[in-house]
Amino acid sequence: MRKSYKGLLSIFAIMALLLASACSGGNETSGDQSGDAAKDGAVSAKVGVISWLTGAGAGYGEAITNGLKLANKEIKEQGKVDIELITEDSAGKQEQALSSAQKLMNSENVSAIIGPTLSTEMKVVGPEADLNGVPIMGTSTTAAGIPQIGDYVFRDSIPESLAIPASIEKAIEKYDVKKVAILYGNDDVFTKSGYDTMKKVAEDKGLEILTTETFQKGQADYNAQLTKIKNTQPDLILCSALYNEGAVIMDQARKMGIDVPFVGGNGFNSPEVIKIAGDAADGLIVATPWFAGKDDQKVQDFVAKYKEEYGKEPDQFAAQAYDGMYLLANAIEKAGSDDRDAIRDALAETEGFEGILGEMSFDEEGDIVMEPTVLTIKEGKFQLFE
Amino acid sequence: MILEQLINGLTLGSIYAIVALGYTLVFGVLGIINMAHGEIFMFGAFMGVVITHTLQLPLALAFVVAIAVTALLGLFLELLALRPLRGKKGVSHLAPLISTIGVSIFLENLAHHFFGAGNRPFNTSFSEISVQIGSVTIYAVQLVIFAIAVLLMVGLSFWLSKTKAGKALRACAENLEAASLLGVNTKKMIMMTVVIASAMGGIAGILVGMAFNSVTPQMGLTMGLKGLAIIILGGMGSVRGAMAGGLILGLSETMIVVFGESGYRDAIAFIAIIVILLVRPQGLFGQAAPEARR
Amino acid sequence: MLAEIINPYYLQVLSFILINIILGVSIYITLSTGQLSLGHAGFMSIGAYTSAILTLNYDFPLVVGVILGALLAGIVGILIGIPTLRLQGVYLAIATLGFGEVVRVLFINWESLTQGAIGISSIPHFGRELVTGLRDTGFTADMIGIRNNQLISLLVFIILLVITVLLITFFVRQNHSRVGRAFAAIKMDENAAEAMGINITYYKVLAFAQGAMVAGFAGALYAHVTAYISPSDFAYHRAVEILIFAVFGGSEVIWGPIFGATFLTAMPELLREVSEYRYMIYGIILVAMMAFRPQGLIDHEMIYKIKSRKKKKKKVEDDKKERNRHGVGS
Amino acid sequence: MALEVKNITKRFGGIHALTDVTFRVEEGEVFGLIGPNGAGKTTMFNIITSMFPPTDGEVVFSNKRLTGKKPYEITKEGVCRTFQNIRLFPDMTVLENVTVGEHCRTKSGVFASVFRLKSQKVEEEKIKTKARELLQLVGLGKYEDTFADNLAYGQQRRLEIARALASDPALLLLDEPAAGMNEKETNDLFDLIQKIKKLGITILLIEHDMPLVMRICDRIAVLNFGEKIAQGTPDEIKNDPHVIEAYLGQEEEDELA
């Protein structure tokens, strides 16, 4: 017995040796490289990217990394900053995201991190980055409480607390809404936090909440909830769902004869809704930081370039990543070095940055401040909601 | 409203019942819980998407293809995951369970790769047809689903009790060894069982696609676990039990929404499992296992 | 010197390996009486939530929180174990699967306590708490020439390593005792075991509760290592993953699940390309193991061979010594 | 220390496996229970050891009611059995198999085992010593490290007996111990049973090998179709017309099959 026990210890000893030899190579302290400007005067820095690249949410990660790469290419061409992107896959799992972050911060010695994709991952990675003094910026993390993790945590993705009130306000204005029904996914962190915002806004605006219904991931049949909602005769349905479930909900609702408009959260905002639900998607109202149809040269240039590069329309994830990259590059340029603290300070001071999403600033906590655009689906297309 | 909700519940229940019939058939003959049944069902649904939406071909063809593909999956399941375990010495009775869990994980992730993680629409003009009776709208799909469920149940009962092949199958269910001694080709019978059960999963998949317009790789897990709950509720291996259990679960899931606790909707199935197993382990329609089997 | 060797990334991966080893051990204990539980993700979540809530909301010390989390999981294990013991094989597996799902749905809906799907964040972190504690005593990372985050990762790793080694020692010793023999006898032939005078109900509940407790323990550790938990961390897939540790590595001897957990956790880190096909590979592993090696990679025979080889070696050495002594004597 | 089987009836569904069977095994004797296949002999063993409950009647051992107790409690009362279809613990060594038999006479728990208390160490030593003695008794002394699965058939039967003896039984139930044995093995078995008897252990024996039964048993009861048709000394049984009839009928059936 005691021998097999020794065996275990020796396994660990070997592992420890392995890791020692593996990391002794690339592990220099970050201070040495600071101010190490490239020959042509550009500030160079290493930036880590944690993204969901394999598994169920690989689509998000792909859009994000595409947006980042496109932006970085342009930035390099401009020649003021020279950023090396080092991308790690988190597979949408907290453990893997944390390991990736450790690798980027300690083995790769990056100056800043962009990502991870999910809010759940950020809740695990954020505190660790903050502790290590590495600025980290989420470009797709919308849940409440993310920038509040610490001084080094930022995001340029528009939080539900900004998006949802905007769309609800406009909907109330246009349809003279008095009574609403709420439907949300209660086992998902995004849809649940979206619901919390919806409920608060509805109460603040003095709307009567007729009924609150929930659904769970993987559910296919929403008829029971929708029948109940239909019978309460709301003016508007507040639906906090990811587009997958949301599109099906709209489809089933329209079939049932529910013709009132829907207000959705960030997760509902996707061209996929139209693809899945078809005509039934008409009447969906969402607030978005990103509108591809915006009459703006910058936006149209981006759309054209993205299409050329990747052969598809950019979605909000690509757009937010694109602007995120620029925000960071800006900060690095201002900081004038790849020093983590300098970059953090420069990032925090960002004010009135003009991106494809609009004019952006960070508030004291590191959350994005911007004006969302409210869109609605009409005749199978996203259009400005006025 | 209650009437509409009853129809909702019956529709959902009928689909559950068809899924559960597949489980019950396999359990009845082989004594195995096929954890991959939900994923086979999911593949059936995706075949419907591919045929009706991607290729824009008629719905009838979707049924044929779904049945064919899921039957083939059933065949592979039997040949690769179940047969190698049969009659092998030292294999625990848990082995088929674990093996089919493996198949289910594999299929789920295979679907991710083939079809993507997202929801796929299932557009067919058939799902638009409806009848208005008073304030209640009934869709043709709902009627079809109910009819197919009843038909499958009656057909299966009849086939098991009256036809020669069915009797052979039941002989297998009683005792594999004895059946093979009596000249029943047990290998063929087992294969047939798994294939038929899988094809029923395929049918259920198409029906779900038609009824709810919602097809994702994860649906297999959700539906599979529900099916599992149903056969335990109704009694393992009981055809009537699968039908009754399906309807009970469908109706109670709908009713819990009606009475306001939609958050616990998914838990009903599992609470039912636990309660039934503790109070009446043989299920509502099952027979108590003879003591001698201990 | 030390500063160059200690890389938080590797320590992080090793820490997750250790937690998974503990999970592997937890399902091994239950399996060692022939009971298959698919509810270990549920027990894990009970441990994680209990400890997180106690330490975060009620300022319990971390150690107390973890112990209470494990204990509560164990108690729930007893409560679930006693009635479900009447169930055999697959029925038990399904009932425990149901249990796991019910726990998850409960945590989703019990928002006042668990914050539902949002999850609990800012859970006290092992390493960070310890480092703060050490700072109060005047000890800082610079004193041994490493950075703060290195010290934190190192402390977490050492704590987990000590816990894991203690836990393994515990169960190795238990296995080589009257209790372990009773477990093994029940696994191999329940009726024969009972006829030989073993109170199978007692030992099955004991094993089930021990398994639940260890899973809860792992859950509590997990909560304090990631500092964030949500119900979706403890869904069906987690239960299956835990099962795979035991099926792949082997469930006959404790070294099986330990190997399984180590290998399967390290694999996607070492081969990032594998990560994409991770679950497909898991599926294939399950099917292939059942067909070709249902006892898992490491089984009795292997351990027995290793042991007897060592014994022989030792014997040869002893003989040599003996001969030498005689040689000197004559 | 006598075993009293009182009016035992057992029905499985509609089948009468045992009907109103009564007999008494006296202390120190070897009592044979014989009868054609399906006569209910093993069912009787299962009822005595509470593997399942009788439909009616009761079993009493040294004035204590066994009926209603759990199987492991019955072992503790001093009644232990072997199985017709050998049920060893296949992945354990021969020695471990026997030590499992000592379970109910020892008491170290989790705590004592994990912390290696002195009492536990002493107990483990005792367990091993006793197990080795028993292996010597049944003639398996040199196989203690072999896996039970790898033993020859006859050896497995003897190991089962050793395992049962490890529980210190006052009454040992042997279910067809000679099945599948050749003549020499059967003779060894005869000697073994004699030795066990000398240890003061009462034996209740189910056996088809008639010469062995007649040689070794002090008294015999005969079951047929679940009913006791005869009881007496071997000589009485040999000449009992009911018994002869039962066995002749059995042979005809055998030929038909």
Side-chain angles (χ1 to χ4, degrees), chain B residues 27 31-33 35-36 39 77 80-85 88 90-110 112-113 221-222 224-225 228-229 231-232 236 261-279 281 289 293-294, chain C residues 31 34-36 38 80 82-84 86-106 108-111 116-117 187-188 190-191 235-237 239-241 243-244 246-247 251 276-292 294-295:
Chain B
F27 186 86
I32 286 173
I33 292 181
M35 297 290 280
E39 276 65 30
L77 177 76
L80 299 176
L82 296 177
R83 183 168 294 175
L85 314 181
K88 207 170 157 189
V91 171
S92 100
H93 54 291
L94 296 170
L97 185 83
I98 295 172
S99 183
T100 52
I101 288 179
V103 174
S104 78
I105 303 177
F106 180 78
L107 287 180
E108 187 190 333
N109 288 281
L110 194 69
H112 267 304
H113 267 254
L221 179 64
T222 316
L225 294 180
L228 211 54
I231 56 165
I232 286 177
M236 302 270 225
E261 278 300 334
S262 49
Y264 285 96
R265 177 171 162 160
D266 267 7
I268 300 179
F270 301 109
I271 292 171
I273 288 183
I274 295 173
V275 172
I276 280 284
L277 283 179
L278 297 183
V279 178
R293 258 201 210 164
R294 231 179 89 118
Chain C
L31 275 169
Q35 306 177 90
L36 174 61
L38 292 175
I80 293 291
I82 291 174
T84 45
R86 299 181 1 204
L87 308 171
Q88 312 240 323
V90 289
Y91 289 87
L92 179 73
I94 304 300
T96 48
L97 170 60
F99 161 77
E101 288 295 300
V102 169
V103 171
R104 190 175 63 85
V105 174
L106 188 72
I108 285 173
N109 283 287
W110 195 352
E111 284 177 25
K187 181 183 184 180
M188 288 177 213
E190 218 175 290
N191 292 349
Y236 172 72
H237 279 106
V240 172
E241 195 173 14
L243 172 68
I244 290 171
V247 169
S251 57
E276 167 130 37
Y277 300 97
R278 180 183 190 155
Y279 284 101
M280 276 200 214
I281 293 171
Y282 278 1
I284 294 170
I285 284 177
L286 283 181
V287 176
M289 291 311 283
M290 284 301 115
F292 300 114
Q295 74 274 38

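These numbers come from the heavy atoms of this one structure, side chains and all, not from hydrogens, waters or symmetry mates. Reminder, nothing fancy here: chain letters follow the sequence lines and each chain counts from 1.
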Pick one of side chain, backbone, both or neither for [X], based on which atoms fall under 4.5 Å of a heavy atom in chain C.
| X | answer |
| --- | --- |
| B/Leu221 | side chain |
| B/Ile101 | both |
| B/Leu107 | neither |
| B/Leu110 | both |
| B/Ile232 | side chain |

For [X], which atoms come within 4.5 Å of any heavy atom of chain B: side chain, backbone, both, or neither?
| X | value |
| --- | --- |
| C/Ile108 | neither |
| C/Tyr236 | side chain |
| C/Ile285 | neither |
| C/Ala291 | both |

List the atom of B/Ala36, the atom of B/Val103, and the distance in Å for their closest heavy-atom pair.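 Shortest heavy-atom contact: CB-CG1, 3.7 Å.
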Shortest non-hydrogen contact from B/Ala229 toward B/Ala269: CB-O, 3.6 Å
Among B/Ile98, B/Leu97, B/Ile274, B/Ile273, single out the residue with the greatest number of heavy-atom pairs under 4.5 Å to chain C.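 Among the listed options, the one with the most contacts to chain C is B/Ile98.
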Using a cut-off of under 4.5 Å for heavy-atom pairs, which of B/His113, B/Met35, B/Arg265 has the most such pairs with chain C?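 Sorted descending by pairs with chain C, the first entry is B/His113.
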Looking at B/Thr100 and B/Pro96, would you say the former's side chain and the latter's main chain have a donor-acceptor pair under 3.5 Å?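 Yes: the side chain of B/Thr100 pairs with the backbone of B/Pro96.
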Has C/Ser251 got a side-chain atom pairing as donor or acceptor with C/Val247's backbone, closer than 3.5 angstrom? no
I'd like to know which of C/Ile244, C/Val90, C/Val240, C/Ile94 tops the heavy-atom pair count under 4.5 Å against chain B.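 So the answer, after comparing C/Ile244, C/Val90, C/Val240, C/Ile94, is C/Ile94.
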Top contributor to chain B interface from C/Gly98, C/Gly34, C/Gly100, C/Gly116 [non-hydrogen pairs under 4.5 Å]: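 Counting heavy-atom pairs under 4.5 Å, the top option is C/Gly98.
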Spacing of [X] atom [atom1] and [Y] atom [atom2] [to the nearest 0.5 Å]:
| X | Y | atom1 | atom2 | value |
| --- | --- | --- | --- | --- |
| C/Tyr279 | C/His237 | OH | NE2 | 6.5 Å |
| B/Ile271 | B/Asp266 | CD1 | CG | 10.5 Å |
| C/Glu101 | C/Leu38 | CD | CG | 10.5 Å |
| C/Ile281 | B/Ile105 | CD1 | CD1 | 12.0 Å |
| C/Leu36 | C/Tyr91 | CG | OH | 15.0 Å |

